[in-house]
Amino acid sequence: MKYHGLTIDNTFAEAFNMKATRIIVTADNKKWAKTACDSFTGFATSVIACGIEAGIEKQIKPSETPDGRPGFAILLFSMSRSQLEKQLETRVGQCLLTCPTTAVFSGLDSEDMIPLGKNLRYFGDGFQISKKITNKRFWRIPVMDGEFLCEESTGRIPAIGGGNFLVLSKNRASCLAACETAINSIKNLQNVITPFPGGVVRSGSKVGSKYKSLIASTNDAFCPTLKSLTNSNLKDSVNCVMEIVINGLTANDISIAMKECITSISKSKIKKDIVSISAGNYGGKLGQHNFYLTKILK
Amino acid sequence: MKPIQIKPKIRFKYRVDMSFLSDICKYDSLTTFRAKKVMYGNQEYRLDNIFDISNGDKKNLVVKSANSLMDNLGYRLKEISLKVFGDVGDYLGAQMSSGLIEIYGNANDHCASGLKGGIIRVNGNCGDYLGSKPNSSNEGISDGLIYISGNVGNKSLQRIRRGNIIIEGNLGNDACSEMISGSVLIKGKIGHNFANGIKRGTIFTTQKKLAKNYSKSNAAEFNFIKFFINRISNVINRNLFINNRKFIRYYGNKDKENISELFLVD
C-alpha cells in the first residue's frame with residue numbers, strides 16, 4: 001500500500017507478552033537525573049542477553065514529580081517476574097543509589113507489587129528509616145551526600161514487547177535519518193520505549209542459528225550484503241535496513257507509536273530514498289500479538 | 001450521589017454510642033438501618049426515633065448538630081468518609097482502619113485511639129489521650145494520619161508505632177512517651193516530660209528546648225523533607241507550617257536506646 005507516498009509492505013510485526021514496571025527517578029537537577037537514568041538503562045537493549053529491556057519513557061516536570069525535583073520516568077520490560085525483580089533491584093542499587101542526589105519512586109500502581117527499595121534498605125546497615133505515608137512505604141537510606149530516598153515497591157503489569165518496523169532504504173545515511181525522524185516523533189509519547197541504542201537496531205535477528213549454541217542470529221533475509229547468497233527479502237535498490245523496536249504497556253500504545261513513527265517518515269523529505277517500510281515477524285507462530293502495518297496506518 | 005445526613009431529633013442528655021454509623025454498609029437498605037435499635041440512657045430506641053437519617057450514599061456520611069455526648073463516632077471505620085459538624089465525644093475514629101473523618105469542632109478524649117489507618121482531620125482542639133492505646137493492646141497508633149488544627153491535651157500519642165500526626169496548636173504534658181516510631185509535627189508549645197523513653201521516630205518542632213537531649217547532626221539538605229511536606233500537604237489539603245523553612249537535624253543517644261531524630265524548624 002502507499003501511505004503519503006511511502007510504500008508499506010503487506011506484512012506484520014510480531015510481538016510478545018512481557019511484564020513491565022515504571023519507576024520515577026529524580027535528582028537535584030536535570031543533568032544528574034538524566035545521568036542516573038542513562039546509567040540505569042545502559043545495557044538493557046534486549047532480553048536475549050541483558051535480562052531486561054529498559055528505556056527513558058519521558059521527562060517529568062518538577063511540579064509533577066513526587067519530591068518536586070526534575071525527573072524522568074523509566075519503563076522496564078522483562079519476560080518473567082523474577083528477572084524483572086532481579087534486574088530492577090540490581091540496577092537501582094548500582095546505578096541510582098550510587099548517583100549523587102537521586103531518589104527513586106514507583107511510577108505504577110498495581111495489585112502485583114515488586115520490591116524497589118525493600119531489600120536495598122539493608123545498605124543502611126540499621127540506620128535506614130522507614131516512613132509510611134497513606135498506603136505507601138518509603139525508605140531513607142543514609143549515604144554520604146545525605147539520604148537516598150526510595151519507595152519500597154513498585155507495581156508490575158502485563159505489557160507487550162517487540163513491536164517493530166523496518167526501514168528499507170537506498171543508502172545508509174537516509175536510512176539513519178529516517179529512523180532518527182521516527183524516534184524523535186515519539187520522544188514524548190507515554191507508555192512506550194525504544195530500548196535499543198538511540199532507538200534503532202541495525203542487527204535484527206532471526207530465531208536460531210547454524211551454530212547450535214546460539215538462540216538467535218543475524219536476520220539474513222534483510223541483510224543487503226547477503227542478497228545473492230540467501231533467500232533475501234530485499235529488492236535490488238535496497239542497500240540498508242534498520243529496525244525500530246517498540247515496547248509498550250498495551251497493544252494500542254504500540255500501534256499509536258508505530259503509526260506516529262511511520263507517519264513522521266512519510267512526511268519528511270527523506271522519504272524519497274526510502275524504498276519501503278516492512279516489519280519483522282516469525283510467521284506469526286511465536287508471538288502473541290501481530291501488528292499489521294496496513295491495519296495500523298488506516 | 002448525595003451524602004447521607006444524620007441529625008439528632010432530640011437534645012441529648014445522656015451519652016450516645018455512635019459506633020453504629022460505621023456498620024451502615026452492612027445493611028441492605030436504609031429502612032432496615034433506621035429500624036436498628038440503640039441504647040439511649042437506660043432504654044432502647046429505634047434509630048429513626050432519635051435521628052433524622054436522609055437517603056444518600058452509604059460511603060459518604062455527614063453528621064450535623066453533633067455534640068460532645070456523641071462517643072465512638074467512626075469506631076472501626078472502614079472505607080467511609082465521615083464529616084461531622086459540631087463537637088464530638090470520646091473515642092473519635094478509634095481503631096479506624098481506612099477512610100476519612102473530618103470534624104468541624106472539638107474532639108474529646110481518646111481521639112484516634114488505636115488508629116490503624118485512614119485520615120482524621122480535626123478542625124478544632126482535641127482532649128487528652130490522643131491516639132491512646134486501646135484495651136488489650138500495648139501500642140497506640142499503628143498507622144494513619146491525624147491533623148489537629150488546634151491544641152491537644154495531656155498524655156497523648158503514647159507508644160505510637162507508625163503514622164503521621166500534625167498538630168498546629170500546642171501539645172500537653174507527657175506526650176509521645178515510649179514512642180516506638182512514626183512522625184509527629186508540632187507547631188506550638190510542648191508541655192513537660194515530652195517523648196519520655198522514646199525509641200525511634202521523627203519529630204518536627206519549633207521548640208529549641210527539646211533539642212537538649214539530642215546531639216546535633218547536620219543541616220544537610222534532605223530529599224525526604226521536601227517530599228514528606230509535599231506528600232502530607234496533598235493528603236491534608238493544606239500547606240504545612242514547615243513549608244519553606246530551614247531545619248537542623250538532631251539525633252538521639254544510642255546508648256540510651258533512643259535513635260529517634262528531631263528536626264528543629266528555624
Side-chain angles (χ1 to χ4, degrees), chain A residues 23-30 32-33 36 60-71 92 96-107 109 116-117 120-121 124-152, chain B residues 79 97-100 115-119 141-147 160-166 180-185 199-204 217-237 240 243-244 247 249 251-252 254 259-263:
Chain A
I23 58 167
I24 293 167
V25 179
T26 64
D28 275 1
N29 54 48
K30 191 178 147 190
W32 282 105
I60 310 175
K61 288 180 201 162
S63 58
E64 290 166 7
T65 58
D67 61 357
R69 301 189 301 161
V92 172
L96 301 185
L97 171 68
T98 54
C99 184
T101 77
T102 58
V104 60
F105 304 95
S106 162
D109 280 328
L116 184 59
L120 209 63
R121 71 177 195 257
D125 198 23
F127 298 106
Q128 69 273 23
I129 296 172
S130 143
K131 286 289 160 216
K132 198 174 172 204
I133 306 169
T134 56
N135 292 325
K136 295 193 169 188
R137 187 188 292 279
F138 302 87
W139 286 99
R140 298 163 54 196
I141 302 168
V143 284
M144 295 193 300
D145 79 344
E147 280 183 333
F148 174 62
L149 178 64
C150 60
E151 198 163 333
E152 180 168 79
Chain B
E79 293 169 5
S97 54
S98 63
L100 168 73
L115 184 72
K116 293 172 186 165
I119 301 164
I141 296 165
S142 56
D143 207 350
L145 191 146
I146 304 171
Y147 171 81
I160 77 167
R161 160 68 69 184
R162 228 172 275 119
N164 301 291
I165 296 99
I166 303 112
I180 303 163
S181 192
S183 308
V184 183
L185 292 80
K199 290 182 173 66
R200 295 190 301 273
T202 306
I203 292 157
F204 290 85
S217 170
N218 63 348
E221 299 236 342
F222 288 96
N223 301 346
F224 159 73
I225 292 181
K226 198 172 179 189
F227 165 74
F228 184 75
I229 293 170
N230 276 351
R231 199 95 184 173
I232 298 276
S233 301
N234 286 341
V235 176
I236 64 171
N237 213 7
L240 278 183
N243 206 2
N244 295 326
F247 303 89
R249 189 187 199 231
Y251 226 114
K254 208 176 175 185
I259 53 167
S260 66
E261 59 176 350
L262 186 139
F263 288 100

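Proteins come first, then strands; the chains are lettered A, B, ... in the order of their sequence lines, and each starts at number 1.
The NZ atom of B/K226 lies 8.0 Å from the OG1 atom of A/T65; values are rounded to the nearest 0.5 Å. To the nearest 0.5 Å, atom CZ of residue B/F224 and atom CZ of residue A/R140 are 4.5 Å apart.
Counting only distance, with no hydrogens or angles, the side chain of B/N164 and the backbone of A/K132 share a donor-acceptor pair below 3.5 Å.
Looking at B/N234, neither its backbone nor its side chain comes within 4.5 Å of chain A, counting heavy atoms on both sides. Proximity to chain B (any heavy atom under 4.5 Å) is shown, for A/F148, by neither the backbone nor the side chain. For A/T101, the part sitting under 4.5 Å from any heavy atom of chain B is the backbone (N, CA, C, O) and nothing else. With a threshold of 4.5 angstrom between heavy atoms, B/T202 approaches chain A through its backbone and through its side chain.
What you find for A/I133 and B/I232 is that their closest heavy atoms are CG2-CD1, 4.0 Å. Residues B/Y251 and A/F127 approach most closely at OH-O, 4.4 Å, considering heavy atoms.
Remark: A/K30 NZ is loosely packed, at most 12 non-hydrogen atoms of other residues, nucleotides or ligands lying under 6.0 Å away.
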query: Can you check side-chain contact (heavy atoms from CB on, under 4.5 Å) on B/R231 and A/K131, steps first, answer last?
result: CA-CA 12 Å; B/R231 199 95 184 173; A/K131 286 289 160 216; over 6 Å; no

